[in-house]
2 protein chains.
Amino acid sequence: MNTDVTHDPALTSWVESANAADTDFPIQNLPYGRFRRKASGEGWRIGVAIGDEVLDLKRVHDDIPWSDALQALLRPLADGDLNAFMEQPSSQRRALRQMLSQALRSDSPLQEVLSPCLVAQSDIEMSVPCRIGDYTDFYTGIHHATAVGKLFRPDNPLLPNYKWVPIGYHGRASSIGVSGQQFRRPQGQTKAPDAEVPSFGPTRRLDYELELAMFVASPNKLGEPIGMAEAEEHVFGLGLFNDWSARDIQSWEYQPLGPFLSKNFASTVSPWIVTMEALEPFRSPFQRPEGDPQPLPYLDSATNREQGEIDVTLEVWLQTQAMRDAGTSPHRLSQSSFRDAYWTVAQLIAHHTVNGCNLQSGDLLGSGTLSGPAPEQAGSLLELTQGGKQAIALPNGEKRTFLEDGDTVILRGFCERKGARRIGFGECSGTVLKAG
Amino acid sequence: MNTDVTHDPALTSWVESANAADTDFPIQNLPYGRFRRKASGEGWRIGVAIGDEVLDLKRVHDDIPWSDALQALLRPLADGDLNAFMEQPSSQRRALRQMLSQALRSDSPLQEVLSPCLVAQSDIEMSVPCRIGDYTDFYTGIHHATAVGKLFRPDNPLLPNYKWVPIGYHGRASSIGVSGQQFRRPQGQTKAPDAEVPSFGPTRRLDYELELAMFVASPNKLGEPIGMAEAEEHVFGLGLFNDWSARDIQSWEYQPLGPFLSKNFASTVSPWIVTMEALEPFRSPFQRPEGDPQPLPYLDSATNREQGEIDVTLEVWLQTQAMRDAGTSPHRLSQSSFRDAYWTVAQLIAHHTVNGCNLQSGDLLGSGTLSGPAPEQAGSLLELTQGGKQAIALPNGEKRTFLEDGDTVILRGFCERKGARRIGFGECSGTVLKAG
């Protein structure tokens, strides 16, 4: 049940662009990000997106005489330290959301003092939203796991542990960049199935992976698992995430300890974190397919079954160099939803910590590639092209099996539901440069 | 060729305990660590171990009028920030080593002013030596890989990529603790081979792994690989590392993406980082077994072949609760050497960055379990007990297949060579508590 006034779909803002039907950032969203005005020489600041603008929380903190409680909440944000705010209990995070929502609504008396705290999104650059201490990537996309498994084991695509264990592994935090990231095509060892020995060179099977990023809010201590009941309190919000993958490097290196250089050359995250509070109207019951085993007790709860999934529509768009040169807009490659993930956010937190592993504020958990049940809903080229065997055709006549130099991949995400205001995630884009 | 005066085996210190034959910390060593006086309420400081003492580099910086260049080098250390010092070029790091060596030698005129900067090691507590951004674990112990492979594939123990690719994967940085770490036996999902479904509970196959930790010195930028020629300039030094592993959780979870909860509940590192400069007298040529493939060019260099390996003797000692209660000293379980690793430090750095992955100062690279060629030189219980089938007997009559609650595992390491002063790594100990 949702009684949070910040979700009222009729709520509008005095920031006019926030009321446009197609904005990702209406007053019901209010995602957090880290920004600075372009070429300003200023330090990074924390802001909240509203329509085409950003509310600069340093100015909000500095210019307005809030209550002591709100000042204390705003202080880490004014210092540009999103992690210190993420660490707060969810009641505190909700209190700030409530304040911002009131201050930005059409009838707010604060419009005059807050207007100077707005910066146009076109005037800013953004960074990774917080310090990411550790990054874990999960494998919750059962349709992805099945499709990829089929390429290797047609008769037995899912491994026996898949429906019991939320499979995950550790990734590289240092090479995570923000939307707009450009990276060189990685080089590495590959070995063709029929080759005697491996060879070295630029990857020929460069791929994207359509994922969601979950950001950890308050931490847990080493040795103290987080149970299902409190799991979501430890999640700050979601972003878009592209786990770029070099498939030929991956297939040669990954046995027996998992992916390494095939993934850690770059990963791209969207600049805005959409909070769990903003996502509340878009929950849907957790539907485990009939005949599948019930989760072990440490991964199960009535609340999780009732409202475990979040229905985020996800899209992959491609703009090739030729398209950019011709002024052609990006082309949509596929669409899927986080609703189809096999494990919920709460289950991932409970699983990750059940052995006592300590999560820290700002840690990033990737969902794994989110493909839908239909083949055209695949979240990677590996699946869309059946392992590179079936090229896809683009509207301008170009074809792709895997990514080419100059390709820009753009992830988008949004939540839509009858009776709720649509909210969006902005973009997560990245561009492949030629091997250096 | 080694002309560094700091390696002169006849060099002695005015710190008397540094001249004892069995000390790990003679003047030829000078490892860095992060400490504070017990119950002092002071902040963490950086110090250098010398005999039974620590030279407090904050006091060294504050109390003595060094040249501007040395003051600048000491400043981050005086601030307790080892990472900022690790970041310096190796010429700078060598300059400070030279100064400290001169200041501590028997004939130094600085004895009087430096004496007050010493703190007894018995009066301090230590932390993890630096901020570890990312932690990577390699798999360079070919005898370990072969022995473990044999348990699963008796006829074909090594996978086809092993002699071509320095196999590695990402680990969890947040749960790395310093020597003295105590952790609860982790709980998790396991599935016996003959069980229908998995069950949940404390691991029954808890193991240690005898490893070396390599710490990254100066970073590289994303997209800019580090070639073999400069690779070692990017390594600050080595420590001891215990990659605790829950074998039953590992075998159920690790397909297809590698180890996760079976490893990330705790890892333990020694407090002192022995610098690459101190290790120089203990190099030995890289000896790849006859018939093995030559490394691909990006992993090969004449220098690497001539002086690629470092001969560090490594030991595992066990003290059970019963031994502690009876006042019995720890028992040595095995001894091996880093000399037997299949890949050198330089090769690991070159491989890790060849795809453009960016290393950062303070990152930790684990060597993987270092077992020797003989079965009794195994660096894990999994190997010593042949997968838990053959219990080992302890001198007090106890037996072990895997670790029991109350067991303390102590790793030790040292370098010995004719014509060189012996140096040691101190201890890396950790204790298993009962599941919570």
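Chain identifiers are assigned alphabetically (A, B, ...) following the order of the sequence lines, protein sequences preceding nucleic acid strands; residue numbering begins at 1 within each chain.
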Just do the side-chain hydrogen bond (donor to acceptor under 3.5 Å, both in side chains) check on A/Tyr298 and B/Gln189 with the steps written out, would you?
-> CA-CA 10 Å; A/Tyr298 81 96; B/Gln189 278 192 47; 3.0 Å; yes

Of all of [options], which one pairs up most often with chain A through heavy atoms under 4.5 Å apart?
options: B/Pro297, B/Gly188, B/Gly436, B/Pro259; value: B/Pro259
options: B/Lys263, B/Arg131, B/Gln187, B/His352; value: B/His352
options: B/Pro166, B/Ala145, B/Gly171, B/Ser199; value: B/Gly171

Determine the option with the most heavy-atom pairs under 4.5 angstrom with chain B, choosing from [options].
options: A/Val165, A/Leu257, A/Leu359, A/Thr136; answer: A/Leu257
options: A/Leu222, A/Leu261, A/Ile132, A/Val197; answer: A/Leu261
options: A/Pro293, A/Gly168, A/Gly356, A/Pro225; answer: A/Gly168
options: A/Glu224, A/Arg184, A/His351; answer: A/His351
options: A/Ala435, A/Ser262, A/Pro256, A/Gly133; answer: A/Pro256

Shortest non-hydrogen contact from [X] toward [Y]:
X: A/Arg172; Y: B/Gln360; value: NH2-N, 4.2 Å
X: B/Asn355; Y: A/Asn264; value: ND2-OD1, 2.6 Å
X: B/Trp252; Y: A/Asn161; value: O-ND2, 3.0 Å
X: A/Gln255; Y: B/Ile167; value: O-CD1, 3.8 Å
X: A/Asp134; Y: B/Ser174; value: OD2-N, 2.9 Å

By a 4.5 Å heavy-atom criterion (distance strictly below it), what part of A/Asp137 contacts chain B: side chain, backbone, both, or neither?
-> neither

Under 4.5 Å from any heavy atom of chain A - which part of B/Tyr139 = side chain

Which bit of B/Gln181 comes within less than 4.5 Å of chain A, counting heavy atoms only: side chain, backbone, both or neither?
-> side chain

Side-chain touch A/Cys357/B/Phe265, heavy atoms, less than 4.5 angstrom = no

Parallel, tilted or perpendicular: rings of B/Phe138 and A/Phe260 (30°, 60°) | perpendicular

Given side-chain contact (heavy atoms from CB on, under 4.5 Å), test B/Phe200 with A/Val354 step by step and report yes or no.
-> CA-CA 10 Å; B/Phe200 180 83; A/Val354 74; 3.4 Å; yes

